[in-house]
Amino acid sequence: MARIIGGIGTTHVPSIGKAIAEHLENDPYWRPFFRGFDYVHDWLARERPDVAVVFYNDHGLNFFLDKLPTFAVGAAAEYRNEDEGWGIPVSKSADGIAELSWHVIERLLADEFDVTMCQDMLVDHAVTIPMALMWPGQARWPVRIVPIAINTVQHPLPSLVRCLKLGRSVGRAIETFEQDLNVVVIGTGGLSHQLDGERAGFINKAFDQLCMDGLAAEPETLTRYSIPQFVEQAGAQGVEFLNWMAMRGALTGRVRELHRNYHIPISNTAAATMVFENVTAANAAGDKAQARLRPVAA
Ligand code: DHB
Ligand code: FE
């Protein structure tokens, strides 16, 4: 059976791609942000996930305002990126795992989430930037992905509780997938930011902290915010936090916060990185089995 090893939340600001291309990771502006990924790299090297399920929002590369599904699940063998503007290089493609995608889609439909199924799907910076941050400098990504797009762009948007429940359904689906795989769940975007209008540049540190604390301890507490209330607190694009809610929902076991980095600003955005451990009975049993197999240190 597949095991959910944990979850990662990360921003997906496009200029990060440009900073990577120009090797600016140790530049004074970028360093506090990129250093926040040292822990993530160590954790991923230890946990070695086979698959990443990525909750994100598309910004007009695959879906546009004319046709925008609330929830869309990729079921392709490969996901390509294309030139999105922003001055970032086109990313390498990500491999899919279509059999897991179809299993997730079937379980979501059974749970009354009538998702759009995408056998052909471009992925934008909201997938490729987090991948580049998590697995830097590799010729191919070391994981296969299941991309799940949540509409955070064209109102009306799904509620926080709906996204938490979507995540829970995806989590149950992963755990009933018969292949022996380690799965990491990722939520991208946020935290507070607004790119346009009178409040362009808006950031709300206190609210971001409340969201990160709530996500770690009790995500249900955050569901008291309606979407307009959330936008008021986090900014028009801060509502990308819906992807983080879905990620957290997919962590079905005992959840512990392992790591947090918060840095203002990266471009127009409050940039956050979080890692959560997900301990389930199956994971614990797997750990014991692995421990038995491990040679005793001399
Ligand atoms: C920025 C942030 C985003 O979430 C995005 O999708 C595009 C740009 C920014 O802060 O520049
Ligand atoms: Fe975005």
Side-chain angles (χ1 to χ4, degrees), residues 8-22 24-25 27 29-30 32-34 36-37 54-65 68-72 74 79 81-91 121-134 147-155 157-158 160 163 186-205 207-208 211-212 215 227 230-247 261-274:
I8 300 176
T10 167
T11 183
H12 62 220
V13 174
S15 57
I16 297 164
K18 201 156 174 278
I20 292 171
E22 293 171 6
L24 297 177
E25 289 89 342
D27 179 271
Y29 177 87
W30 289 102
F33 170 71
F34 278 100
F37 276 83
V54 188
F55 292 100
Y56 75 107
N57 58 291
D58 182 86
H59 300 70
L61 183 68
N62 191 73
F63 304 114
F64 201 60
L65 302 179
L68 197 35
T70 300
F71 301 125
Y79 302 94
N81 178 230
E82 279 181 0
D83 188 357
E84 302 173 58
W86 306 106
I88 52 174
V90 172
S91 166
M121 191 186 202
L122 294 170
V123 292
D124 77 356
H125 66 271
V127 172
T128 60
I129 295 290
M131 299 280 285
L133 283 165
M134 287 182 283
I148 304 182
I150 298 179
N151 168 33
T152 69
V153 173
Q154 172 70 65
H155 291 257
L157 310 184
L160 286 134
C163 293
I186 294 158
T188 90
L191 292 183
S192 61
H193 64 299
Q194 172 142 344
L195 301 178
D196 49 15
E198 279 176 18
R199 292 205 305 165
F202 175 80
I203 280 175
N204 185 345
K205 183 174 178 182
F207 188 69
D208 288 337
C211 287
M212 290 187 286
L215 207 64
I227 292 296
F230 199 91
V231 166
E232 193 179 339
Q233 293 293 324
Q237 281 73 41
V239 77
E240 291 177 340
F241 185 72
L242 290 175
N243 301 317
W244 290 55
M245 282 298 274
M247 172 273 287
N261 187 50
Y262 182 81
H263 180 70
I264 298 174
I266 289 298
S267 187
N268 299 296
T269 300
T273 309
M274 291 183 84

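Note that ligands are numbered from 1 as they come in the structure, with each ligand's atoms numbered from 1 the same way. As the structure is a computational prediction, the values presented were derived from the model and not from experiment.
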Atom of [X], atom of [Y] and distance for their closest heavy-atom approach:
X: Phe34; Y: Leu133; value: CE2-CD2, 3.5 Å
X: Pro158; Y: Ile150; value: CG-CG2, 3.9 Å
X: Met121; Y: Ala72; value: CE-O, 4.2 Å
X: Val153; Y: Leu157; value: N-CD2, 3.7 Å
X: Pro14; Y: Ile129; value: O-CD1, 3.9 Å

My understanding is that only one of Leu215, Ile8, Ile186, Leu160 makes a side chain to side chain contact (heavy atoms under 4.5 Å, CB included) with Trp244; could you say which? Leu215
With Glu82 as partner, the option from Leu122, Asn62, Val123 fulfilling side chain to side chain contact (heavy atoms under 4.5 Å, CB included) is Leu122
With rounding to 10 degrees, His12 NE2, the Fe ion (ligand 2) and Glu240 OE2 define an angle of 100°
With atoms numbered from 1 as shown, which atoms in ligand 1 lie under 4.0 angstrom from a non-hydrogen atom of [X]?
X: Leu195; result: 1 (C), 7 (C), 8 (C), 9 (C), 10 (O)
X: Trp86; result: 7 (C), 8 (C)
X: Glu240; result: 4 (O), 6 (O)
X: His125; result: 5 (C), 6 (O), 7 (C)

Does the Tyr79 side chain pair with the main chain of Gly74, one donor and one acceptor, at a distance under 3.5 Å? yes
Does the Ser192 side chain pair with the main chain of Asn204, one donor and one acceptor, at a distance under 3.5 Å? yes
Near the Fe ion (ligand 2), is there an N/O/S atom from His125 that is less than 2.8 Å away? no
From His193, does some N, O or S atom reach closer than 2.8 Å to the Fe ion (ligand 2)? no
Pick from [options]: the one approaching [atom] most closely through a non-hydrogen atom:
atom: atom 8 (C) of ligand 1; options: Pro14, Gly238, Pro265, Gly189; result: Pro14
atom: atom 11 (O) of ligand 1; options: Ser267, Gly60, Gly201; result: Ser267
atom: atom 4 (O) of ligand 1; options: Gln237, His193, His59; result: His193

Nearest-neighbour protein heavy atom for atom 10 (O) of ligand 1, which is reported as residue plus atom name and distance: Thr269 OG1, 2.6 Å
Please name the atom of His59, limited to N, O or S, that comes nearest to the Fe ion (ligand 2). NE2
Any N or O of Asn268 closer than 3.5 Å to N or O of ligand 1: yes
